[in-house]
Amino acid sequence: MNDRIEKRIELKAPVSRVWRALTDYREFGEWFRVKIDGPFVVGAVSRGHITHPGYEHIKWEAVVQKMEPERLFSFTWPQPKSLGQTDYTGEPTTLVEFRLEKTPTGTLLTLTESGFDKLPADRRVDAFRRNEGGWTEQMKNIEAYVANKP
C-alpha cells in the first residue's frame with residue numbers, strides 16, 4: 001500500500017480563483033460539503049460538520065498548517081477509528097496539501113494526502129481507500145465549483 005494519495009487536475013480558472021475556493025472557509029465548505037465554524041487560520045483548529053446527505057453526523061476537524069498565498073494550502077486531519085466518532089483527541093493524523101501552479105489555460109491543482117504509514121496497521125488500508133475515493137469526488141467538486149462560480 002502507498003503512503004500517499006496524489007490527484008492532479010487542470011482547472012479552467014485563474015490561480016487567484018482556485019486559491020479563494022480553497023482558503024475561504026465558506027467557499028471551501030460549498031464544494032467540499034462541510035459547514036466550517038470560521039475562517040482558516042494557520043496553527044488553529046478548524047471545526048465544523050459534513051453537510052453531504054447521509055454524512056451530516058460526521059464532525060469536521062483539521063489543523064491548518066500552511067497558507068502560502070496562491071501556492072500552498074495545507075492542513076492535518078484525524079483518521080478516526082469510525083466515521084461516527086465525536087472525539088478525535090489522540091487520533092493519528094494525515095497531511096493534506098493543495099498546491100497550485102499557473103498554466104496557460106488556468107491552474108494545475110495537485111492534491112496530496114500523506115502519512116497513512118503512521119496509522120495503526122488495522123486502520124491503514126480502510127482509511128487510504130476511503131480517502132482515495134473521497135478525493136476523486138472532491139476534485140470533481142472543486143472543478144465544477146470554480147467553473148460555475150467565477
Side-chain angles (χ1 to χ4, degrees), residues 1-9 11 13 15-100 107 109-150:
M1 188 193 92
N2 257 335
D3 171 49
R4 69 191 314 104
I5 295 168
E6 188 170 298
K7 306 279 182 186
R8 293 173 186 258
I9 189 167
L11 302 171
V15 170
S16 60
R17 177 67 194 102
V18 177
W19 177 254
R20 196 170 77 239
L22 289 170
T23 61
D24 178 290
Y25 75 103
R26 294 164 296 220
E27 289 199 32
F28 183 93
E30 281 190 54
W31 66 265
F32 197 89
R33 298 182 183 145
V34 61
K35 179 156 180 33
I36 300 172
D37 297 342
F40 293 125
V41 177
V42 173
V45 178
S46 175
R47 289 187 173 90
H49 67 275
I50 302 296
T51 59
H52 185 75
Y55 295 90
E56 297 93 340
H57 64 286
I58 298 174
K59 192 169 88 167
W60 159 271
E61 189 173 292
V63 177
V64 178
Q65 299 296 314
K66 293 182 181 177
M67 292 179 79
E68 298 173 9
E70 299 189 1
R71 198 180 86 66
L72 172 67
F73 174 53
S74 67
F75 56 81
T76 53
W77 62 353
Q79 300 301 314
K81 291 176 189 159
S82 73
L83 289 180
Q85 199 169 324
T86 57
D87 182 4
Y88 298 148
T89 306
E91 291 293 348
T93 61
T94 53
L95 174 66
V96 175
E97 297 175 300
F98 296 95
R99 294 185 185 277
L100 298 101
T107 304
L109 173 61
T110 303
L111 167 280
T112 306
E113 184 174 6
S114 60
F116 290 94
D117 60 344
K118 295 185 304 184
L119 302 181
D122 62 332
R123 288 198 246 168
R124 204 171 295 150
V125 172
D126 285 343
F128 186 91
R129 283 187 190 143
R130 181 177 58 241
N131 291 13
E132 200 281 330
W135 286 121
T136 296
E137 290 304 309
Q138 294 297 12
M139 295 301 265
K140 292 175 192 171
N141 290 349
I142 194 170
E143 179 179 37
Y145 182 80
V146 297
N148 294 318
K149 295 199 177 193

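Only this structure's heavy atoms are used, side chains among them; waters, hydrogens and symmetry mates stay out. Predicted model, so just to flag it, every value in this text is computed and none were measured. Nothing fancy with the numbering, it's 1 onward along the sequence.
Atom CG in L111 sits 10.5 Å away from atom CD1 in I9 (nearest 0.5 Å). R71 CZ to R99 CZ: the interatomic distance, rounded to the nearest 0.5 Å, is 6.0 Å. Atom CG in D126 sits 11.0 Å away from atom CD in Q79 (nearest 0.5 Å). Taken to the nearest 0.5 Å, the CD1 atom of I36 stands 12.0 Å off from the CD atom of E61. Note that CZ of F116 is 12.5 Å distant from CZ of R123, once rounded to the nearest 0.5 Å. One distance of note links CZ of F128 with OG1 of T94; it measures 11.0 Å at 0.5 Å rounding.
A donor-acceptor distance shorter than 3.5 angstrom exists from the side chain of S74 to the backbone of K66, with no hydrogens or angles considered. Looking at N148, its side chain does come within 3.5 Å of a backbone N or O of A144 through a donor-acceptor pair.
Nearest heavy-atom pair across M67 and F73 is CG-CD1, 3.6 Å. Among all heavy-atom pairs drawn from A21 and E27, the shortest one is CA-OE1, 3.6 Å. The two atoms that bring T112 and R4 nearest to each other are CG2-NH2, 3.2 Å, heavy atoms only. Smallest separation of non-hydrogen atoms from L119 and A127: CD1-CB, 3.6 Å.
Contact annotation: the side chain of K81 approaches that of E91 to within less than 4.5 Å [non-hydrogen atoms, C-beta and beyond]. With a 4.5 Å cut-off on side-chain heavy atoms, T107 and R17 do not count as touching. In this structure, the side chains of H49 and H57 stay at 4.5 Å or more apart for every pair of heavy atoms.
Remark: R130 CZ is packed, more than 12 non-hydrogen atoms of other residues, nucleotides or ligands lying under 6.0 Å away. A 6.0 Å sphere centred on NZ of K35 holds no more than 12 heavy atoms belonging to other residues, nucleotides or ligands.
A salt bridge is defined here as a Lys NZ or Arg NE, NH1 or NH2 lying under 4.0 Å from an Asp or Glu carboxylate O, and E143 with K140 fails to meet this definition. Taking 4.0 Å as the cut-off between side-chain N and carboxylate O, K149 and E30 count as a salt-bridged pair.
Residues T110 and E6 bring no donor and acceptor atom of their side chains to less than 3.5 Å of each other.
A ring pair (Phe, Tyr, Trp, His ring centres under 6.0 Å) with W60 is found for exactly one of F32, F40, Y88, Y25, namely F32. Each of I142, V146, L72 was evaluated against L22; a single residue qualifies, I142, per the side-chain contact (heavy atoms from CB on, under 4.5 Å) test.
Classification of the F98-F75 ring pair by plane angle, with boundaries at 30° and 60°, yields tilted.
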**OP:** Mind running side-chain contact (heavy atoms from CB on, under 4.5 Å) on I58 and H52 for me, showing each step along the way?
**Re:** CA-CA 10 Å; I58 298 174; H52 185 75; over 6 Å; no
**OP:** Go through the steps to decide whether V41 and V64 satisfy the test side-chain contact (heavy atoms from CB on, under 4.5 Å), and finish with yes or no.
**Re:** CA-CA 6 Å; V41 177; V64 178; over 6 Å; no
